[in-house]
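For clarity, every value in this text was computed on a predicted model and none was experimentally measured. Throughout, protein chains are lettered first and strands after them, A, B, ... in sequence-line order, and every chain is numbered starting at 1.
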Amino acid sequence: MQDYLEGLNPAQKEAVLNTEGPSLVIAGAGSGKTRVLTMRIAHLLTKGVAPYRILALTFTNKAAREMKGRISAIVGEGIARHLWMGTFHAIFSKILRIESKKLGYPSSYTIYDTQDSKNLIKSIVKNMKLDSKLYKPGEVLSRISGAKNDLITPQAYRNDTKRMDADRFSRKPLVHEIYARYVNECRKSGVMDFDDLLLNTNILFRDHPDVLEKYQDQFDYILVDEYQDTNLSQYLIVKKLAERHKNVCVVGDDAQSIYSFRGAKIENILSFRNDYPDYKLFKLEQNYRSTKNIVNAANSIIHRNSNQIHKTVFSEKEEGNRIRIFSAYSDVEEGIIVANDIFETQMRSQAAYEDFAILYRTNAQSRIMEEALRKKNMPYKIYGGFSFYQRKEIKDLLAYFRLVVNPNDDEALKRIINYPARGIGKTTMDKIELFAGNTGRSLWAILTNPALNNIGFNSGTIKKLKAFTEMILGFGQLLNKLPAYDIAVKIAEGSGMRKFFQTDTSIEGQSKLENVEELLNGIKEFSDERSEEGKEYNLVDFLEEVSLLTDQDTDKDEDKNKVTLMTIHSAKGLEFKYVYVVGVEDGLFPSPMAMESQKGLEEERRLFYVAVTRAKEQVSISYAKQRYKYGELSFSKPSRFIGEIDQQYLEIKGDALPGFGQKRSARPNSFRTRNSISSSPSKPSFNYKKISKGQATSNSTDFSGTAAGRLKEGMLVLHERFGRGKVLNVTGEAPNAKATVLFDNAGQKQLLLKFAKLKILN
DNA sequence: CTCCTATAGCTTTTT
DNA sequence: GCTATAGGAG
């Protein structure tokens, strides 16, 4: 039993064994953070602490599941099962369901996802007759979300001059009013959004000291993973719960704080010592994941940030390869370069596809990478973007479940009252919504009110509405009689959804049917698993689990041994032998949204740090000189972040960083950020080796500005990469003149003459 | 009321 | 390039 401590280094061992009192574990990238957390919990359990007295909070369901698995392996599944381990949202939604009555919510409250929230905001904006161009649902929601995470109620919002000024400044002075109505709507519908799960937990603990005490008592030990990414709401929950026993252990890395956009406060980790003056500090600085080159390069990046806890991350592994910088002519070519390189590396090193990851800043970049891989017949899996649970047919069926569980769930009702079509159209719904708005009731309350006949519907409409409500009520009758799976099947059948897809013989229709069947199978699996564990498994429980799932969490067997494509955000906590960071261009990464402020830029830099530190053996960074944005061609420069890496760790491929090698002395700082701090321990030396592919870049072939005017339709030209081709047409004015060229070997390309190095042959 | 087509507007990052 | 919406015909 004691052997679980073996193989830990002294710092790790300290962090595992010092279980009493407040602890701050600063864990550098790849330093075995998860290992310390699991061992610490396993250690507590072996010492005889009851599992239900341990609360372990993670950021993803996946992290929780993995940790639970590892702990199970040490102490046995029967014990690990009773740990309170999960995401903040999952754990506290469970507690809220138990205590919901105290807050005036039904215990069958349902959860709005981001889309539901946006839809609700949209209809509020419409009701208030505000300009929907100005009050964009996404923007309003992020204001509301920000307020909730700071525990600001609508009333407090009105008195908050900073927020009100900001809204006035962005010409949206009525956000506070939308917020107030939004809160009312949610309450009358008996729903909570993601932020409510945390906010209401705070309210619960504030207004019901007895409840707080109960949980304070229960949780002898509290552990928080990724503490640098907690927001104020989460921070306060932890603080309150830990007040009694003070056995709180937070683990994190300020250098990897990348979620401030959703309210995360890096200060939480920076000021832990102020909250718990008698805290113990453990620093995990040895990186076991990556080679020296990768760790050193990453350090040279992160050291440019100002606000951080000092630490020296080091590696004792071999030197390893340098970080490679690839320059691509276009976004499509970038994809091809990466796909080719993965193919070659995989052949040469006998590596598996699952050893490779392609990381990008925005989900929109995935498609091009996907196409490049598909062309080479390489297996891949994409995380993010369209997840299973975001497909329309799945959301629709889930909306039925929600409505059956909680008929006041207005967004669920609106979603499916006419799906499949049953002749209840917009006009009818507008009337009902107006009536509901005026009376402060939910849509369902109007529909089931005998006074429905007085609103002025014809008898046909009334009949249709009655049929609908009776159907839902019928399902509701089964709720306490049948297990989740059986009800789900009955709903899929009775709602007409199954039939709807069965009669749709198109390929899409068939795949939708398959998805519906897969969801039903999922419910079966869920029920079986839960009943084995002796836990609840009715439809409410399934809905709760599903509402808090992300597609990160749906790891299927058929997804084994595939190249992984994901955003850098979702890659946090993961590792791969070979990592390709693509689209590393100014205006994409760092994102233009973040480029204005030092704070924003530092967060982007941390994100870049996270990207680089995912790799065990090789990091490849690439950028494209031109790419399509919103379907328009646009031009980009390599990201400033590339220039920020200490050049001694780089290997420049091809013509990457043009104008940087030869003309270096003229503008040595062109890649350095304005905000780079002078105390940087790594003095960037610019004498990197330029590794040319042998093809000399001719200086007489440069097309720029007016020279483009000489190019005419029908001319034969030579391109340094694509070879010989024929000009099909020339459009636009310098400096944005474009030519379409049909190359003998590379096919048809659109070239921007400002960039393309073309030589006229005839 | 339903379905189809045209077009506006859009992208950070996610529990 | 893609999706969500508006507007028009049936």
Side-chain angles (χ1 to χ4, degrees), chain A residues 57-64 86-93 111-115 117-119 122 126 132-133 136-139 141-142 145 148-149 192-199 226 229-231 233-234 257-264 331-332 359-368 371 383-387 389-390 392 418-430 458 460-461 464 544-553 566-572 583 587-595 600 603-604 606-608 610-611 627-634:
Chain A
L57 299 164
T58 62
F59 259 74
T60 61
N61 295 295
K62 193 179 173 190
T87 63
F88 274 89
H89 292 84
I91 294 285
F92 295 110
S93 76
I111 299 172
Y112 273 3
D113 67 12
T114 309
Q115 198 50 55
S117 297
K118 282 187 192 165
N119 288 341
K122 211 180 290 170
K126 206 170 146 198
S132 59
K133 296 254 157 55
K136 289 185 209 141
E139 284 173 19
L141 179 60
S142 99
S145 172
K148 285 187 177 177
N149 288 327
M192 298 195 201
D193 66 13
F194 287 137
D195 305 314
D196 285 332
L197 296 173
L198 307 173
L199 175 62
E226 308 281 15
D229 285 328
T230 50
N231 59 35
S233 199
Q234 293 166 319
S257 160
I258 54 174
Y259 281 104
S260 75
F261 69 92
R262 63 174 222 222
D331 47 2
V332 173
L359 308 180
Y360 32 79
R361 177 70 241 266
T362 66
N363 277 307
Q365 291 164 256
S366 68
R367 218 199 60 226
I368 285 178
E371 274 163 18
Y383 287 93
F386 284 119
S387 83
Y389 292 102
Q390 279 173 27
K392 188 183 178 314
N418 198 30
Y419 190 84
R422 43 178 79 87
I424 303 172
K426 196 174 174 315
T427 339
T428 309
M429 284 313 287
D430 280 349
N458 61 42
T461 307
K464 288 177 200 161
E544 177 172 298
E545 171 142 325
V546 151
S547 308
L548 300 174
L549 273 188
T550 61
D551 69 311
Q552 307 278 314
D553 303 317
M566 56 169 59
T567 62
I568 303 167
H569 280 88
S570 12
K572 192 168 74 157
L588 188 61
F589 190 17
S591 149
M593 317 282 196
M595 265 155 81
E603 176 147 318
E604 294 286 303
R606 290 193 294 269
L607 192 58
F608 190 51
V610 168
R627 78 170 55 240
Y628 278 90
K629 279 181 187 164
Y630 314 116
E632 288 295 324
L633 196 58
S634 70

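For A/Lys126, the NZ atom is loosely surrounded, since the number of other residues' heavy atoms within 6.0 Å does not exceed 12.
For the pair A/Tyr389 OH and B/dT14 P, the interatomic distance rounds to 18 Å; values are reported in whole Å. The NZ atom of A/Lys148 sits 21 Å away from the P atom of B/dT14 (whole-angstrom rounding). In this structure, A/Leu359 places its CG atom 14 Å from P of B/dT13, rounding to the nearest Å. Protein atom CD1 of A/Ile368 is 10 Å distant from nucleotide atom C1' of C/dG1, rounded to whole Å. For the pair A/Phe261 CZ and B/dT14 C1', the computed distance is 5 Å after rounding to whole Å. The NZ-P distance, from A/Lys572 to B/dT15, rounds to 11 Å in whole Å. Rounded to a whole Å, the CE atom of A/Met593 is 3 Å from the P atom of B/dT12. Per the geometry, CD belonging to A/Gln365 stands 19 Å off P belonging to B/dC10, to the nearest Å.
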With 3.5 Å as the limit, what N/O pairs link the protein to nucleotides 6-9 of chain B?
unit_1 : atom_1 : unit_2   : atom_2 : d
B/dG9  : OP1    : A/Lys133 : NZ     : 3.3

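Between A/His89 and A/Phe194, the ring planes lie perpendicular to each other; the angle is over 60°, past the 30° to 60° tilted range.
Comparing A/Met429 and A/Glu604 against DNA chain B, the residue whose closest nucleotide sits nearer the 5' end is A/Met429. Take the nearest nucleotide of DNA chain B for A/His89 and for A/Lys426: the residue whose nucleotide is more 5' is A/Lys426. Residue A/Arg367 is the one, among A/Gln115 and A/Arg367, whose nearest nucleotide of DNA chain C lies closer to the 5' end (criterion: closest heavy atom).
Under the stacking definition used here (centres under 5.5 Å, planes under 30°), the residue A/Tyr259 fails to qualify as stacked on the base of B/dT14.
Rounded to whole Å, the P atom of B/dT13 lies 15 Å from the corresponding atom of C/dA4.
When the side-chain nitrogen and oxygen atoms of A/Thr567 are compared with OP1 and OP2 of B/dT14, one or more of them lie within a distance under 4.0 Å. Between A/Ser591 and B/dT11 there is no side-chain polar atom (N or O) within less than 4.0 angstrom of OP1 or OP2. For B/dT11, neither phosphate oxygen OP1 nor OP2 lies less than 4.0 angstrom from any side-chain nitrogen or oxygen of A/Asn363. Applying the 4.0 Å criterion to OP1 and OP2 of B/dT2, one finds that A/Asn418 has a side-chain N or O inside that range. At least one side-chain nitrogen or oxygen of A/Ser570 sits closer than 4.0 Å to the OP1 or OP2 atom of B/dT14.
Between the OH atom in A/Tyr259 and the CG atom in A/Leu607 there is a gap of 8.5 Å [rounded to 0.5 Å]. Rounded to the nearest 0.5 Å, atoms OG1 (A/Thr87) and CD (A/Glu226) are 13.0 Å apart.
Under the ring pair (Phe, Tyr, Trp, His ring centres under 6.0 Å) criterion, A/Tyr419 pairs with A/Phe500, sequence neighbours left out.
In this structure, A/Phe589 reaches neither bases nor backbone, as no heavy-atom distance under 4.0 Å exists between it and the strands shown. Heavy atoms of A/Thr428 sit under 4.0 angstrom from primed sugar atoms or phosphate atoms, though from no base atom. Contacts of A/Lys122 with the nucleic acid, taken as non-hydrogen atoms under 4.0 Å apart, involve only primed sugar atoms and P, OP1 or OP2.
Judged by distance alone, the side chain of A/Gln365 and the main-chain N or O of A/Thr362 form a donor-acceptor pair under 3.5 Å.
Neither side chain, A/Glu544 nor A/Ser547, offers a donor N or O lying under 3.5 Å from an acceptor on the other.
Between A/Glu603 and A/Arg606 there is a salt bridge, since at least one side-chain N of the basic residue sits less than 4.0 Å from a carboxylate O of the acidic one.
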